[in-house]
Amino acid sequence: MHATTIFAVLNEGKGAMAGDGQVTLGNSMIMKQGARKVRRLYHGKVVAGFAGSVADAFTLFEMFEKRLEEYQGNLQRAAVELAKEWRSDKVLHKLEAMLIVMNEDDLFIVSGGGEVIQPDDGICAIGSGGAFALSAGRALARNTELPAAEIAQKALQIASEICVFTNDHIIVETVG
């Protein structure tokens with residue numbers, strides 16, 4: 001997925017998710033610099049971020065929020081049920097987006113291929129600058145005592161210096 005970067009870190013009940021604000025049309029034009037791709041859901045207890053098509057991501061946010069309500073905030077169950085529906089539905093299967101979802105207990109990447117991935121180290125990233133942010137975030141988490149919010153902010157800042165589809169208009173949301 002192009003044109004964004006979402007990064008999340010979760011450690012011992014404290015976590016943060018960061019996303020940049022760039023919306024790119026094709027590969028050549030920046031349409032917006034201050035989009036909000038990280039949002040709070042389920043009474044502010046869950047944070048979700050998206051990479052990919054904005055319209056598709058809003059559809060997924062709505063579907064995921066319905067699943068959270070249906071399963072009383074059970075993040076894992078909501079993520080699995082969303083992934084199952086996303087993968088099996090002929091229309092939804094064509095959506096071009098990915099999600100990272102987290103609360104103070106769990107962190108998952110959810111994709112349209114039916115994947116619900118929980119990272120081993122509590123650190124993950126998606127989007128065109130995801131690999132850059134992931135590398136920076138892992139280095140910061142392993143070699144500093146920075147809190148989750150600062151790790152997320154700095155990981156995105158570093159990614160924005162490398163990835164042309166990531167800017168430094170960064171939104172950070174925390175849990176725990």
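All of these numbers come straight from a predicted model, not from anything done at the bench.
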Minimum heavy-atom distance [X]-[Y], with the two atoms named:
X: P119; Y: C124; value: CG-CB, 4.0 Å
X: T174; Y: A149; value: CG2-CB, 3.8 Å
X: Q33; Y: N167; value: O-ND2, 3.0 Å
X: L10; Y: D105; value: CD2-C, 3.8 Å
X: A133; Y: A125; value: CB-CB, 4.5 Å
X: L140; Y: A155; value: CD1-N, 4.0 Å

Any link between [X] and [Y] through a network of hydrophobic side chains (Ile, Leu, Val, Met, Phe, Trp, Tyr) touching at under 4.5 Å?
X: L68; Y: Y71; value: no
X: L60; Y: L75; value: yes
X: V164; Y: L156; value: no
X: M98; Y: F7; value: no
X: I170; Y: L134; value: yes

Taking the side chain as everything from C-beta on, heavy atoms only, tell me whether [X] gets closer than 4.5 Å to [Y].
X: F165; Y: T5; answer: no
X: Y42; Y: E65; answer: no
X: M17; Y: R39; answer: no
X: K45; Y: N103; answer: no

Derivation of the side-chain contact (heavy atoms from CB on, under 4.5 Å) call for E69 and H43
CA-CA 10 Å; E69 292 293 335; H43 315 293; 3.9 Å; yes

Hey, are R77 and E81 close enough for a salt bridge, meaning a charged N less than 4.0 Å from a carboxylate O?
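Salt bridge present between R77 and E81.
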
Could you state the interatomic distance from [atom1] ([X]) to [atom2] ([Y]), rounded to the nearest 0.5 Å?
X: K37; Y: I100; atom1: NZ; atom2: CD1; result: 12.5 Å
X: T166; Y: D20; atom1: OG1; atom2: CG; result: 5.0 Å
X: E70; Y: F64; atom1: CD; atom2: CZ; result: 12.0 Å
X: L107; Y: N11; atom1: CG; atom2: CG; result: 11.0 Å
X: T4; Y: I126; atom1: OG1; atom2: CD1; result: 8.0 Å
X: I158; Y: C163; atom1: CD1; atom2: SG; result: 13.5 Å

Working for side-chain contact (heavy atoms from CB on, under 4.5 Å), residues D168 and Q157
CA-CA 6 Å; D168 62 358; Q157 182 66 45; 3.8 Å; yes

Stepwise side-chain contact (heavy atoms from CB on, under 4.5 Å) test for D121 and R142:
CA-CA 10 Å; D121 60 358; R142 291 176 186 169; 4.0 Å; yes

Starting from the C-alpha separation in whole Å, work towards a yes-or-no answer on side-chain contact (heavy atoms from CB on, under 4.5 Å) for K84 and R67.
CA-CA 12 Å; K84 284 173 28 182; R67 294 289 174 259; over 6 Å; no

